Amino acid sequence: MPGFEIFDDAEKQQIQEVMDKGFTFRYNFDGMRNDVWKARELEAMICDSLKVKHAHLVSSGTTALSTALASAGIGAGDKVIVPPFTFVASVEAIVLAGAVPIFAEIDETLTLSPSGIEAAIKQYPDIKAVNFIHMCGGMGHMDEIKAICDKHNIILLEDACQATGGSYKGKYLGTIGQVGALSFDSVKTISCGEGGAILTNDETIYNNAHQYSDHGHDHIGLDRGAESHPIMGSNYRISEMNAAVGVAQWSKLDRILDTQRKNKKILKDALKEFKEVSFRTIPDEAGDNAGFLSIIMPTESRAVEVVKALGDAGVPAVFYWYANNWHYLKNWLHIQQMKGPAKLPIDLVTDKPDYTQIKTPISDEIMSRTFSMLINLSWTEQDIQFRINAFKKIFK
Ligand SMILES: *Cc1c(COP(=O)(O)O)cnc(C)c1O
């Protein structure tokens, strides 16, 4: 998955251009910057590649989620469905927006299931949004999920932070719902150090997003000091240096996806012969971002055994998410206890779940049997063969 694996002179030249000719701030300073606008350039590239009307860059995937929530009108007391298998940022963004996370079950796509979403809506009919996370590069049953959201008038926010460039039936992940989020942090498909983007075809959400992520500035005219502020916001801006790295990285997106898909296919094809192995469901195989290969074993104990054996064989970057304390609810004590450094808005909400008692048995059953391998860009044929041989020894 990580774009940093193919950093080369292109990224350096981009930063150099900002330093030599441009300016570090993404707005204004027209007289100083010799028409160098890296954030704008990257936003245009993203819109063009992902066939979306608006892309707005921010400082991270997490601030993209915060901006997406606020911009889509999700705030104090609003209930937002989220899966137990995700990166903690998905839940943090909801809680810090003053909203209320409602955990729902996943299926073997490793993402929220249509039935999980429906069960949550049944229990909480005032659900405002779904924070749908395209985990590990793949997607869920998006047609069904979009239909459920539309039927109940629920906003679909897609977190495509791990799935940049992935698609479902011809639509890019992050552009199916009302608003999407991408991350360009240090280990993502596209890496610019720290950065993220909001994707939307909705004018109101876009206007809210660029204003909210920059203290409410309306970004009209050439004089920042004279701008008006239709709303309050914060500073979630990206810098021109980060955006510059992103420009170089984004030009490599097709190459990154091709390499991931090719490497993943060799590994996956080789593992198909083993009876014990089944794979995560991918509703549109051709649109897989292919940053990970996720394998589902018959039992929890066998999954634990295989992960350990792969580790012993020296296979790096094997993730057993179920026991990992950044990606699974079961291990998030601070979230179960809703613990911040100070009193949180959610403390004032009365009709919220008891987070110490959340049960997601279907997700537990799947995730306890699942592990993922990172698909690298730098693999040689021998690197892939080394992994296949390790599996052969374990499964023989
Ligand atoms: C990485 C990630 C984020 C957060 O992105 P940052 O840029 O690290 O803030 C959010 N959601 C998911 C699913 C992620 O993988």
Side-chain angles (χ1 to χ4, degrees), residues 1-4 39 42 46 55-70 74 80-97 99 101 103-104 106 109-112 129-140 156-166 173-174 176-177 179-199 209 213 234-239 241-243 245-246 249-250 260 280 288-292 294 317 319 321 324-329 331-332 335 363 367 370 372 374-375:
M1 166 157 94
F4 75 77
L42 178 53
I46 295 172
H56 181 69
L57 291 170
V58 286
S59 56
S60 70
T62 306
T63 56
L65 289 174
S66 295
T67 304
L69 286 163
I74 301 154
V80 183
I81 292 176
V82 68
F85 173 48
T86 181
F87 178 55
V88 277
S90 315
V91 185
E92 289 167 338
I94 295 169
V95 174
L96 296 181
F103 288 94
I106 64 166
T109 64
L110 308 187
T111 66
L112 282 167
V130 172
N131 185 8
F132 188 92
I133 295 102
H134 298 287
M135 280 304 278
C136 304
M139 76 298 296
L156 177 58
L157 187 173
E158 293 172 80
D159 174 343
C161 288
Q162 296 191 3
T164 298
L173 304 182
I176 298 165
V179 60
L182 301 178
S183 165
F184 309 134
D185 82 19
S186 297
V187 295
K188 294 283 159 55
T189 305
I190 293 293
S191 173
C192 70
E194 298 281 6
I198 294 100
L199 311 175
S213 57
S234 188
N235 171 11
Y236 294 159
R237 291 184 307 261
I238 194 165
S239 82
M241 283 88 80
N242 292 92
V245 177
Q249 282 268 292
W250 196 273
Q260 287 180 173
R280 169 244 186 107
D288 184 16
N289 151 297
F292 290 90
S294 297
F319 302 102
W321 310 106
N324 159 318
N325 72 7
W326 272 29
H327 292 89
Y328 204 68
L329 169 67
N331 310 310
W332 295 335
I335 283 172
S363 307
M367 291 313 298
T370 300
S372 306
L374 189 68
I375 304 295

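Nothing here was measured: the structure is a model prediction, and the numbers come from that model. Just follow the structure's listing: the first ligand is 1, and inside any ligand the first atom is 1. Residues take their numbers from the sequence shown, with the count starting at 1.
- Under the 30°/60° scheme for interplanar angles, the aromatic rings of F184 and W250 are found to stand perpendicular.
- Using modelled atom types, no side-chain atom of S59 and backbone atom of G195 make a donor-acceptor pair closer than 3.5 Å.
- Under 4.0 angstrom from ligand 1, the non-hydrogen atoms of C161 all belong to its side chain.
- Annotation: side chain of S372 is in contact with side chain of W321 (closest heavy-atom distance under 4.5 Å).
- Under the 4.0 angstrom criterion for non-hydrogen atoms, E194 is not in contact with ligand 1.
- Nearest protein heavy-atom neighbour of atom 4 (C) of ligand 1: T62 OG1, 3.5 Å.
- When only non-hydrogen protein atoms are considered, atom 3 (C) of ligand 1 lies nearest to F87 CD2, 3.5 Å.
- Of the protein's non-hydrogen atoms, K188 NZ, 2.7 Å is the one closest to atom 2 (C) of ligand 1.
- Note on ring orientation: taking the six-membered ring where Trp is involved, the planes of F319 and F292 are perpendicular (angle over 60°, cut-offs 30° and 60°).
- Between S213 and T63 there is no side-chain heavy-atom pair separated by less than 4.5 Å.
- Looking at ligand 1, you won't find any N or O of I133 less than 3.5 Å from one of its N or O atoms.
- Just one residue in the list V95, V91, V130, I74 forms a side-chain contact (heavy atoms from CB on, under 4.5 Å) with V80, and that residue is I74.
- Looking only at protein heavy atoms, the nearest one to atom 13 (C) of ligand 1 is D159 OD2, 3.5 Å.
- Scanning all protein heavy atoms for the shortest distance to atom 5 (O) of ligand 1 gives S183 OG, 3.2 Å.
- Considering backbone and side-chain atoms together, D185 places an N or O closer than 3.5 Å to an N or O of ligand 1.
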Assess whether side chain to side chain donor-acceptor pair (under 3.5 Å) is satisfied between D159 and T86, documenting all intermediate values.
-> CA-CA 10 Å; D159 174 343; T86 181; 4.9 Å; no

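- Proximity to S60 (heavy-atom distance under 4.0 Å) selects the following atoms of ligand 1: 7 (O), 9 (O).
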